[in-house]
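Structure, as C-alpha coordinates:
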Amino acid sequence: MSSPVRTRFAPSPTGHLHVGSARTALYNYLHARHTGGTFVLRVEDTDAARNTEASRDAIFSGLEWLGMDWDEGPKAGGDFGPYFQSERNEIYGRYLAQLESSGHVYEDDDGAVRFRMPDENVTVNDLICGTQSINLKEQGSTRWDAELKKDVPSNPDLVIRRADGSYIFHFVNVVDDIDMKITHVIRGEDHLSNTPKHVALFEALEAPLPTFAHIPLNLNADGSKMSKRDQGAAITDYIEQGFLSSAVCNYIALLGWSPKDDEEIFSPEELVERFELAGINRSNSRFDFKKCLWLNGEHLRRLDPETLMEKSKPFLIDQNIPLDDSRLPAALQLIRERAETLSDIPKGIAPIFSDSVEIEQDVLGKISGKENITGLLQGLHDAFAASENEWTADNIKPLIVASAESLDVKMGALMLPCRIASTGKAGGPDLLPLLELIGRERVLDRITVLMGKLVK
Ligand code: GLU
(Lines give C-alpha, C1' and ligand atoms only; values in the text may rest on other atoms or scores of the structure.)
Protein backbone atom coordinates (compact mmCIF):
# COMPACT_ATOMS: atom_id res chain seq x y z
CA MET A 1 0.00 0.00 0.00
CA SER A 2 1.31 3.42 -0.82
CA SER A 3 1.74 5.93 1.97
CA PRO A 4 -0.60 8.90 2.33
CA VAL A 5 0.15 11.72 -0.07
CA ARG A 6 2.34 14.55 1.19
CA THR A 7 3.05 17.42 -1.19
CA ARG A 8 4.96 20.60 -0.58
CA PHE A 9 5.33 24.09 -1.95
CA ALA A 10 8.90 25.23 -1.38
CA PRO A 11 9.29 28.89 -2.34
CA SER A 12 12.51 30.85 -2.06
CA PRO A 13 11.41 34.20 -0.67
CA THR A 14 13.15 36.50 -3.11
CA GLY A 15 10.21 38.38 -4.65
CA HIS A 16 6.47 38.52 -5.15
CA LEU A 17 4.27 35.47 -5.42
CA HIS A 18 4.43 35.07 -9.18
CA VAL A 19 1.69 33.43 -11.18
CA GLY A 20 4.02 30.57 -12.14
CA SER A 21 4.84 29.81 -8.50
CA ALA A 22 1.20 30.18 -7.54
CA ARG A 23 0.41 27.52 -10.12
CA THR A 24 3.05 25.20 -8.65
CA ALA A 25 1.58 25.79 -5.20
CA LEU A 26 -1.94 25.20 -6.49
CA TYR A 27 -1.13 21.87 -8.14
CA ASN A 28 0.51 20.68 -4.93
CA TYR A 29 -2.44 21.91 -2.91
CA LEU A 30 -5.03 20.35 -5.22
CA HIS A 31 -3.23 17.04 -5.39
CA ALA A 32 -3.05 16.89 -1.59
CA ARG A 33 -6.70 17.85 -1.16
CA HIS A 34 -7.91 15.57 -3.93
CA THR A 35 -6.23 12.57 -2.35
CA GLY A 36 -6.96 13.47 1.26
CA GLY A 37 -3.25 14.04 1.81
CA THR A 38 -1.19 16.77 3.46
CA PHE A 39 -0.01 20.02 1.93
CA VAL A 40 3.24 21.35 3.39
CA LEU A 41 4.67 24.85 3.04
CA ARG A 42 8.44 24.96 3.35
CA VAL A 43 10.43 28.16 3.02
CA GLU A 44 13.72 27.67 1.19
CA ASP A 45 15.49 30.65 2.70
CA THR A 46 19.10 29.54 2.76
CA ASP A 47 20.23 32.37 0.50
CA ALA A 48 20.34 35.04 3.20
CA ALA A 49 21.58 37.70 0.81
CA ARG A 50 18.55 37.45 -1.47
CA ASN A 51 15.76 36.53 0.94
CA THR A 52 13.55 39.22 2.41
CA GLU A 53 10.88 39.27 5.04
CA ALA A 54 8.64 41.32 2.76
CA SER A 55 8.82 38.63 0.13
CA ARG A 56 8.08 35.91 2.67
CA ASP A 57 5.01 37.80 3.86
CA ALA A 58 3.85 38.47 0.30
CA ILE A 59 4.07 34.74 -0.43
CA PHE A 60 2.12 33.81 2.70
CA SER A 61 -0.59 36.39 2.11
CA GLY A 62 -0.81 35.51 -1.58
CA LEU A 63 -1.38 31.85 -0.72
CA GLU A 64 -3.90 32.82 1.95
CA TRP A 65 -5.79 35.07 -0.46
CA LEU A 66 -5.91 32.26 -3.00
CA GLY A 67 -7.38 30.01 -0.32
CA MET A 68 -4.50 27.52 -0.22
CA ASP A 69 -4.40 26.76 3.46
CA TRP A 70 -1.36 24.66 4.28
CA ASP A 71 -1.58 21.83 6.80
CA GLU A 72 2.02 22.11 7.93
CA GLY A 73 4.47 24.96 7.74
CA PRO A 74 5.05 28.44 9.13
CA LYS A 75 2.16 29.51 11.37
CA ALA A 76 0.50 26.09 11.01
CA GLY A 77 3.24 24.09 12.74
CA GLY A 78 3.51 20.32 12.25
CA ASP A 79 5.59 17.31 13.22
CA PHE A 80 8.35 17.82 10.68
CA GLY A 81 9.46 21.38 11.41
CA PRO A 82 11.08 23.78 11.53
CA TYR A 83 9.68 24.73 8.14
CA PHE A 84 12.28 27.38 7.38
CA GLN A 85 15.47 25.93 5.91
CA SER A 86 17.49 28.60 7.71
CA GLU A 87 16.51 26.88 10.99
CA ARG A 88 17.30 23.31 9.98
CA ASN A 89 21.09 23.21 10.10
CA GLU A 90 21.17 20.57 12.78
CA ILE A 91 19.05 18.27 10.63
CA TYR A 92 21.32 18.83 7.63
CA GLY A 93 24.30 17.98 9.82
CA ARG A 94 22.70 14.65 10.71
CA TYR A 95 22.09 13.70 7.09
CA LEU A 96 25.60 14.78 6.17
CA ALA A 97 26.95 12.50 8.91
CA GLN A 98 24.98 9.64 7.37
CA LEU A 99 26.62 10.28 3.99
CA GLU A 100 30.00 10.47 5.72
CA SER A 101 29.61 7.15 7.42
CA SER A 102 28.45 5.45 4.24
CA GLY A 103 31.47 6.90 2.39
CA HIS A 104 29.54 9.06 -0.06
CA VAL A 105 31.32 12.33 0.70
CA TYR A 106 34.80 13.74 1.12
CA GLU A 107 36.32 17.09 1.83
CA ASP A 108 38.18 18.67 -1.08
CA ASP A 109 41.32 20.78 -1.01
CA ASP A 110 39.28 23.96 -0.60
CA GLY A 111 37.45 22.69 2.45
CA ALA A 112 34.15 22.07 0.67
CA VAL A 113 32.30 18.80 1.22
CA ARG A 114 31.63 16.93 -1.98
CA PHE A 115 29.23 14.15 -2.81
CA ARG A 116 30.77 11.37 -4.92
CA MET A 117 28.68 11.21 -8.06
CA PRO A 118 27.83 7.59 -8.81
CA ASP A 119 29.55 6.25 -11.89
CA GLU A 120 26.40 4.66 -13.27
CA ASN A 121 23.17 5.70 -14.83
CA VAL A 122 20.73 7.58 -12.65
CA THR A 123 17.15 7.35 -13.86
CA VAL A 124 14.47 9.95 -13.39
CA ASN A 125 10.90 8.89 -13.95
CA ASP A 126 8.82 11.96 -14.32
CA LEU A 127 5.07 11.74 -14.41
CA ILE A 128 4.83 14.52 -16.96
CA CYS A 129 8.18 14.66 -18.73
CA GLY A 130 8.84 10.93 -19.03
CA THR A 131 11.99 8.97 -18.24
CA GLN A 132 15.60 10.01 -18.65
CA SER A 133 18.81 8.28 -17.64
CA ILE A 134 22.14 9.94 -17.23
CA ASN A 135 25.60 9.11 -15.92
CA LEU A 136 26.39 12.17 -13.87
CA LYS A 137 30.00 11.23 -13.33
CA GLU A 138 30.55 10.92 -17.05
CA GLN A 139 28.72 14.10 -17.91
CA GLY A 140 30.27 15.88 -14.97
CA SER A 141 27.98 17.60 -12.55
CA THR A 142 29.30 20.79 -14.09
CA ARG A 143 26.95 20.33 -16.98
CA TRP A 144 24.08 21.07 -14.66
CA ASP A 145 25.53 23.74 -12.53
CA ALA A 146 26.78 26.96 -14.04
CA GLU A 147 28.10 28.08 -10.71
CA LEU A 148 30.37 25.08 -10.36
CA LYS A 149 31.44 25.32 -13.95
CA LYS A 150 33.10 28.64 -13.19
CA ASP A 151 34.94 27.43 -10.11
CA VAL A 152 35.98 23.83 -10.65
CA PRO A 153 35.18 22.77 -14.16
CA SER A 154 36.75 19.35 -13.96
CA ASN A 155 35.35 17.80 -10.79
CA PRO A 156 32.01 16.05 -11.32
CA ASP A 157 31.43 15.51 -7.61
CA LEU A 158 28.74 17.78 -6.27
CA VAL A 159 29.61 20.29 -3.57
CA ILE A 160 26.97 19.89 -0.90
CA ARG A 161 28.52 22.00 1.83
CA ARG A 162 30.62 25.02 1.11
CA ALA A 163 33.86 25.71 2.96
CA ASP A 164 32.06 28.35 5.02
CA GLY A 165 29.73 25.66 6.37
CA SER A 166 26.65 26.66 4.36
CA TYR A 167 24.78 23.97 2.45
CA ILE A 168 23.86 24.12 -1.20
CA PHE A 169 20.32 24.02 -2.49
CA HIS A 170 20.30 20.49 -3.93
CA PHE A 171 21.31 18.88 -0.67
CA VAL A 172 18.92 20.71 1.62
CA ASN A 173 16.10 20.37 -0.87
CA VAL A 174 16.54 16.58 -0.95
CA VAL A 175 17.10 16.24 2.79
CA ASP A 176 13.92 18.16 3.49
CA ASP A 177 11.90 16.09 1.05
CA ILE A 178 13.16 12.95 2.79
CA ASP A 179 12.82 14.29 6.32
CA MET A 180 9.35 15.72 5.69
CA LYS A 181 8.28 12.44 4.06
CA ILE A 182 7.25 14.15 0.86
CA THR A 183 5.66 11.67 -1.54
CA HIS A 184 5.16 13.95 -4.58
CA VAL A 185 7.56 16.59 -5.81
CA ILE A 186 5.50 18.79 -8.12
CA ARG A 187 7.49 21.78 -9.36
CA GLY A 188 8.44 23.85 -12.37
CA GLU A 189 10.21 22.29 -15.33
CA ASP A 190 13.17 24.57 -14.67
CA HIS A 191 14.12 22.08 -11.93
CA LEU A 192 14.02 19.02 -14.16
CA SER A 193 17.71 19.23 -15.04
CA ASN A 194 18.57 19.15 -11.32
CA THR A 195 16.56 16.07 -10.68
CA PRO A 196 19.16 13.40 -11.61
CA LYS A 197 21.44 14.84 -8.93
CA HIS A 198 18.58 14.77 -6.48
CA VAL A 199 17.86 11.15 -7.33
CA ALA A 200 21.51 10.28 -6.74
CA LEU A 201 21.29 11.90 -3.30
CA PHE A 202 18.05 10.10 -2.43
CA GLU A 203 19.71 6.82 -3.36
CA ALA A 204 22.84 7.52 -1.36
CA LEU A 205 20.66 8.36 1.64
CA GLU A 206 18.76 5.11 1.06
CA ALA A 207 15.47 6.98 0.95
CA PRO A 208 12.51 6.01 -1.22
CA LEU A 209 12.12 8.25 -4.25
CA PRO A 210 9.13 10.55 -4.35
CA THR A 211 7.04 10.78 -7.49
CA PHE A 212 8.35 13.61 -9.62
CA ALA A 213 6.05 15.79 -11.70
CA HIS A 214 7.66 18.74 -13.47
CA ILE A 215 5.19 21.25 -14.81
CA PRO A 216 5.92 22.80 -18.22
CA LEU A 217 6.63 26.53 -18.28
CA ASN A 218 4.04 29.22 -18.52
CA LEU A 219 4.80 31.75 -21.26
CA ASN A 220 3.43 35.13 -22.24
CA ALA A 221 0.72 35.22 -24.91
CA ASP A 222 3.38 35.92 -27.56
CA GLY A 223 5.47 32.92 -26.50
CA SER A 224 8.16 34.91 -24.71
CA LYS A 225 9.29 33.93 -21.24
CA MET A 226 7.10 35.47 -18.58
CA SER A 227 8.91 37.89 -16.31
CA LYS A 228 7.99 39.56 -13.05
CA ARG A 229 6.83 42.73 -14.72
CA ASP A 230 4.50 41.19 -17.31
CA GLN A 231 0.77 41.69 -17.13
CA GLY A 232 -0.78 39.12 -14.85
CA ALA A 233 2.55 38.10 -13.28
CA ALA A 234 2.12 39.23 -9.66
CA ILE A 235 -0.68 37.85 -7.52
CA THR A 236 -1.00 41.19 -5.65
CA ASP A 237 -2.10 42.82 -8.91
CA TYR A 238 -5.13 40.56 -9.07
CA ILE A 239 -6.13 41.54 -5.56
CA GLU A 240 -5.82 45.24 -6.33
CA GLN A 241 -7.61 44.99 -9.66
CA GLY A 242 -10.69 43.37 -8.16
CA PHE A 243 -10.35 39.74 -9.12
CA LEU A 244 -12.01 37.02 -7.09
CA SER A 245 -9.61 34.49 -5.67
CA SER A 246 -11.85 31.64 -6.83
CA ALA A 247 -11.56 32.89 -10.41
CA VAL A 248 -7.81 33.35 -10.20
CA CYS A 249 -7.43 29.80 -8.86
CA ASN A 250 -9.67 28.55 -11.64
CA TYR A 251 -7.61 30.41 -14.22
CA ILE A 252 -4.25 29.33 -12.82
CA ALA A 253 -5.42 25.72 -12.63
CA LEU A 254 -6.23 25.79 -16.34
CA LEU A 255 -2.76 27.14 -17.15
CA GLY A 256 -1.30 23.75 -17.79
CA TRP A 257 -4.02 21.41 -16.65
CA SER A 258 -7.21 20.34 -18.38
CA PRO A 259 -10.07 18.24 -17.12
CA LYS A 260 -11.26 15.29 -19.17
CA ASP A 261 -14.18 17.20 -20.67
CA ASP A 262 -14.23 20.74 -22.03
CA GLU A 263 -15.56 22.37 -18.92
CA GLU A 264 -13.76 25.49 -17.83
CA ILE A 265 -15.56 27.10 -14.93
CA PHE A 266 -14.77 25.53 -11.58
CA SER A 267 -15.27 26.57 -8.00
CA PRO A 268 -12.37 25.78 -5.64
CA GLU A 269 -14.30 22.73 -4.39
CA GLU A 270 -14.82 21.50 -7.95
CA LEU A 271 -11.13 21.95 -8.69
CA VAL A 272 -10.29 19.77 -5.70
CA GLU A 273 -12.73 17.15 -6.92
CA ARG A 274 -11.60 17.19 -10.55
CA PHE A 275 -7.85 17.77 -10.34
CA GLU A 276 -5.65 14.87 -11.45
CA LEU A 277 -1.89 14.99 -12.01
CA ALA A 278 -2.53 12.97 -15.16
CA GLY A 279 -4.38 15.97 -16.60
CA ILE A 280 -1.29 18.21 -16.55
CA ASN A 281 -0.35 19.15 -20.10
CA ARG A 282 3.01 18.27 -21.56
CA SER A 283 3.41 21.46 -23.53
CA ASN A 284 4.07 24.97 -22.29
CA SER A 285 1.05 27.06 -21.45
CA ARG A 286 0.42 30.62 -22.56
CA PHE A 287 -0.90 33.34 -20.40
CA ASP A 288 -4.17 34.87 -21.60
CA PHE A 289 -5.30 37.87 -19.58
CA LYS A 290 -8.59 38.19 -21.48
CA LYS A 291 -9.54 34.69 -20.52
CA CYS A 292 -8.74 35.44 -16.91
CA LEU A 293 -11.06 38.48 -17.07
CA TRP A 294 -13.79 36.43 -18.66
CA LEU A 295 -13.53 33.74 -16.01
CA ASN A 296 -13.66 36.38 -13.30
CA GLY A 297 -16.91 37.73 -14.77
CA GLU A 298 -18.35 34.21 -14.73
CA HIS A 299 -17.37 33.78 -11.09
CA LEU A 300 -18.87 37.18 -10.23
CA ARG A 301 -22.20 36.10 -11.72
CA ARG A 302 -22.21 32.97 -9.61
CA LEU A 303 -21.73 34.67 -6.23
CA ASP A 304 -24.66 34.75 -3.83
CA PRO A 305 -25.88 38.31 -3.13
CA GLU A 306 -24.33 38.52 0.35
CA THR A 307 -20.91 37.43 -0.86
CA LEU A 308 -21.14 39.79 -3.81
CA MET A 309 -21.82 42.64 -1.39
CA GLU A 310 -18.99 41.58 0.90
CA LYS A 311 -16.42 41.29 -1.88
CA SER A 312 -17.50 44.57 -3.50
CA LYS A 313 -17.34 46.61 -0.31
CA PRO A 314 -13.73 47.84 -0.44
CA PHE A 315 -14.20 48.87 -4.06
CA LEU A 316 -17.47 50.67 -3.30
CA ILE A 317 -15.97 52.49 -0.35
CA ASP A 318 -13.04 53.52 -2.49
CA GLN A 319 -15.43 55.23 -4.93
CA ASN A 320 -17.71 56.73 -2.25
CA ILE A 321 -20.75 54.61 -3.08
CA PRO A 322 -23.03 54.76 -0.02
CA LEU A 323 -23.18 51.30 1.55
CA ASP A 324 -26.43 52.00 3.40
CA ASP A 325 -28.46 52.97 0.33
CA SER A 326 -31.41 50.60 -0.03
CA ARG A 327 -30.89 50.50 -3.81
CA LEU A 328 -27.41 49.04 -3.49
CA PRO A 329 -28.28 45.30 -3.52
CA ALA A 330 -30.38 45.70 -6.68
CA ALA A 331 -27.65 47.84 -8.25
CA LEU A 332 -25.09 45.08 -7.59
CA GLN A 333 -27.32 42.45 -9.17
CA LEU A 334 -27.75 44.63 -12.22
CA ILE A 335 -24.10 45.51 -12.77
CA ARG A 336 -22.73 42.05 -12.22
CA GLU A 337 -24.33 40.89 -15.44
CA ARG A 338 -21.71 42.95 -17.26
CA ALA A 339 -18.83 43.44 -14.86
CA GLU A 340 -15.60 41.53 -15.28
CA THR A 341 -13.89 42.63 -12.09
CA LEU A 342 -14.97 44.05 -8.75
CA SER A 343 -13.46 47.38 -9.76
CA ASP A 344 -15.92 47.59 -12.69
CA ILE A 345 -18.77 47.61 -10.17
CA PRO A 346 -18.57 51.12 -8.66
CA LYS A 347 -17.93 52.63 -12.09
CA GLY A 348 -21.03 50.99 -13.53
CA ILE A 349 -23.39 51.91 -10.73
CA ALA A 350 -22.07 55.39 -9.88
CA PRO A 351 -24.85 57.19 -11.88
CA ILE A 352 -27.44 55.62 -9.57
CA PHE A 353 -25.98 57.30 -6.53
CA SER A 354 -24.45 60.52 -7.81
CA ASP A 355 -26.23 63.89 -7.90
CA SER A 356 -25.31 64.54 -11.48
CA VAL A 357 -23.48 62.88 -14.33
CA GLU A 358 -20.68 64.08 -16.50
CA ILE A 359 -20.95 63.54 -20.22
CA GLU A 360 -17.71 63.28 -22.11
CA GLN A 361 -17.49 65.09 -25.43
CA ASP A 362 -17.12 61.93 -27.47
CA VAL A 363 -20.20 60.41 -25.86
CA LEU A 364 -22.15 63.58 -26.59
CA GLY A 365 -20.92 63.38 -30.17
CA LYS A 366 -22.80 60.09 -30.60
CA ILE A 367 -26.15 61.91 -30.50
CA SER A 368 -25.50 65.60 -30.97
CA GLY A 369 -25.92 65.57 -34.74
CA LYS A 370 -29.01 63.34 -34.75
CA GLU A 371 -32.14 64.71 -36.37
CA ASN A 372 -34.55 66.36 -33.95
CA ILE A 373 -32.54 65.13 -30.96
CA THR A 374 -33.89 67.73 -28.54
CA GLY A 375 -37.43 67.02 -29.75
CA LEU A 376 -36.94 63.34 -28.99
CA LEU A 377 -35.59 64.07 -25.53
CA GLN A 378 -38.41 66.51 -24.84
CA GLY A 379 -41.00 63.91 -25.91
CA LEU A 380 -39.45 61.34 -23.63
CA HIS A 381 -39.21 63.80 -20.77
CA ASP A 382 -42.88 64.70 -21.09
CA ALA A 383 -43.98 61.07 -21.23
CA PHE A 384 -41.95 60.26 -18.10
CA ALA A 385 -43.26 63.35 -16.31
CA ALA A 386 -46.90 62.76 -17.20
CA SER A 387 -47.06 59.13 -16.12
CA GLU A 388 -48.81 58.44 -12.87
CA ASN A 389 -47.64 54.84 -12.60
CA GLU A 390 -45.07 53.69 -10.13
CA TRP A 391 -41.52 54.21 -11.49
CA THR A 392 -40.50 50.64 -12.25
CA ALA A 393 -38.67 49.05 -15.17
CA ASP A 394 -41.89 47.33 -16.24
CA ASN A 395 -43.81 50.59 -16.26
CA ILE A 396 -41.06 52.62 -17.91
CA LYS A 397 -40.94 50.45 -20.99
CA PRO A 398 -44.46 51.27 -22.29
CA LEU A 399 -43.69 54.97 -21.80
CA ILE A 400 -40.71 54.70 -24.13
CA VAL A 401 -42.69 52.60 -26.61
CA ALA A 402 -45.51 55.13 -26.67
CA SER A 403 -43.12 58.07 -27.05
CA ALA A 404 -41.39 56.35 -29.94
CA GLU A 405 -44.74 55.85 -31.67
CA SER A 406 -45.86 59.41 -31.26
CA LEU A 407 -42.48 60.75 -32.36
CA ASP A 408 -42.50 58.31 -35.28
CA VAL A 409 -39.10 56.76 -34.49
CA LYS A 410 -37.97 53.30 -33.45
CA MET A 411 -37.69 52.62 -29.73
CA GLY A 412 -33.94 52.22 -30.16
CA ALA A 413 -33.65 55.84 -31.30
CA LEU A 414 -34.77 56.92 -27.84
CA MET A 415 -32.78 54.46 -25.79
CA LEU A 416 -29.29 55.83 -26.52
CA PRO A 417 -30.13 59.50 -25.82
CA CYS A 418 -31.98 58.40 -22.70
CA ARG A 419 -28.98 56.36 -21.53
CA ILE A 420 -26.52 59.13 -22.22
CA ALA A 421 -28.72 61.64 -20.41
CA SER A 422 -29.21 59.44 -17.36
CA THR A 423 -25.77 57.89 -17.02
CA GLY A 424 -23.38 60.01 -19.07
CA LYS A 425 -22.27 56.84 -20.85
CA ALA A 426 -23.07 55.20 -24.14
CA GLY A 427 -23.05 51.68 -22.70
CA GLY A 428 -23.70 49.90 -19.44
CA PRO A 429 -26.19 47.66 -17.67
CA ASP A 430 -29.79 47.14 -18.83
CA LEU A 431 -31.31 50.57 -19.22
CA LEU A 432 -34.80 50.06 -17.82
CA PRO A 433 -33.87 48.69 -14.39
CA LEU A 434 -31.10 51.27 -14.31
CA LEU A 435 -33.62 54.08 -14.85
CA GLU A 436 -35.77 52.62 -12.11
CA LEU A 437 -32.86 52.73 -9.67
CA ILE A 438 -31.78 56.24 -10.66
CA GLY A 439 -35.32 57.47 -9.90
CA ARG A 440 -37.81 59.50 -11.90
CA GLU A 441 -36.84 62.95 -10.64
CA ARG A 442 -33.17 62.50 -11.38
CA VAL A 443 -33.86 61.05 -14.81
CA LEU A 444 -36.10 64.04 -15.65
CA ASP A 445 -33.46 66.50 -14.42
CA ARG A 446 -30.74 64.81 -16.37
CA ILE A 447 -32.76 64.83 -19.61
CA THR A 448 -33.29 68.56 -19.15
CA VAL A 449 -29.58 69.12 -18.53
CA LEU A 450 -28.69 67.20 -21.67
CA MET A 451 -31.17 69.17 -23.78
CA GLY A 452 -29.52 72.34 -22.49
CA LYS A 453 -26.11 71.04 -23.57
CA LEU A 454 -27.35 70.07 -27.02
CA VAL A 455 -28.89 73.44 -27.91
CA LYS A 456 -25.77 75.35 -26.85
N1 GLU B 1 12.99 26.76 -3.77
C2 GLU B 1 12.81 26.28 -5.10
C3 GLU B 1 12.25 27.39 -5.96
O4 GLU B 1 11.68 28.32 -5.45
C5 GLU B 1 11.85 25.13 -5.13
C6 GLU B 1 12.48 23.85 -5.48
C7 GLU B 1 11.53 22.68 -5.40
O8 GLU B 1 10.31 22.87 -5.48
O9 GLU B 1 12.03 21.60 -5.26
O10 GLU B 1 12.34 27.31 -7.16
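All residue numbers in this chain count up from 1 along the given sequence. Remember, it's 1-based here, ligands and their atoms both numbered in the order they're listed.
No donor-acceptor pair under 3.5 Å is formed between the side chain of Asp179 and the backbone N or O of Phe80.
Here the two rings, on Phe212 and His191, have centers that are 6.0 Å apart or farther.
The cationic group of Arg161 does not satisfy the cation-pi geometry with Tyr92, failing either the under 6.0 Å distance to the six-membered ring centre or the 45° limit from the ring axis.
Nearest protein heavy-atom neighbour of atom 8 (O) of ligand 1: Arg8 NH1, 2.8 Å. When only non-hydrogen protein atoms are considered, atom 5 (C) of ligand 1 lies nearest to Ala10 O, 3.1 Å.
Ranked by closest heavy atom to atom 3 (C) of ligand 1, the top entry among Gln85, His191, Arg187, His214 is His191.
Within the structure, ligand 1 has Phe169 among the residues with a heavy atom less than 4.0 angstrom away. The shell of residues lying under 4.0 angstrom from ligand 1, judged by heavy atoms, excludes Val185.
Sorted by first then second residue, the ring pair (Phe, Tyr, Trp, His ring centres under 6.0 Å) pairs that include residues 274-305, not counting sequence neighbours, are Tyr27-Phe275, Phe243-Phe289, Tyr251-Phe287, Trp257-Phe275.
Glu269 meets the salt bridge (charged side-chain N to carboxylate O under 4.0 Å, His left out) test with no other residue; sequence neighbours excluded.
When non-hydrogen atoms are compared, ligand 1 lies under 4.0 Å from the side chain of Asn173 (C-beta onward) but not from its backbone.
The distance from ligand 1 to the heavy atoms of Glu44 drops below 4.0 Å at these ligand atoms: 1 (N), 2 (C), 5 (C), 6 (C).
Of the listed residues (Phe60, Tyr29, Phe9), just one forms a ring pair (Phe, Tyr, Trp, His ring centres under 6.0 Å) with Trp70, and that residue is Phe60.
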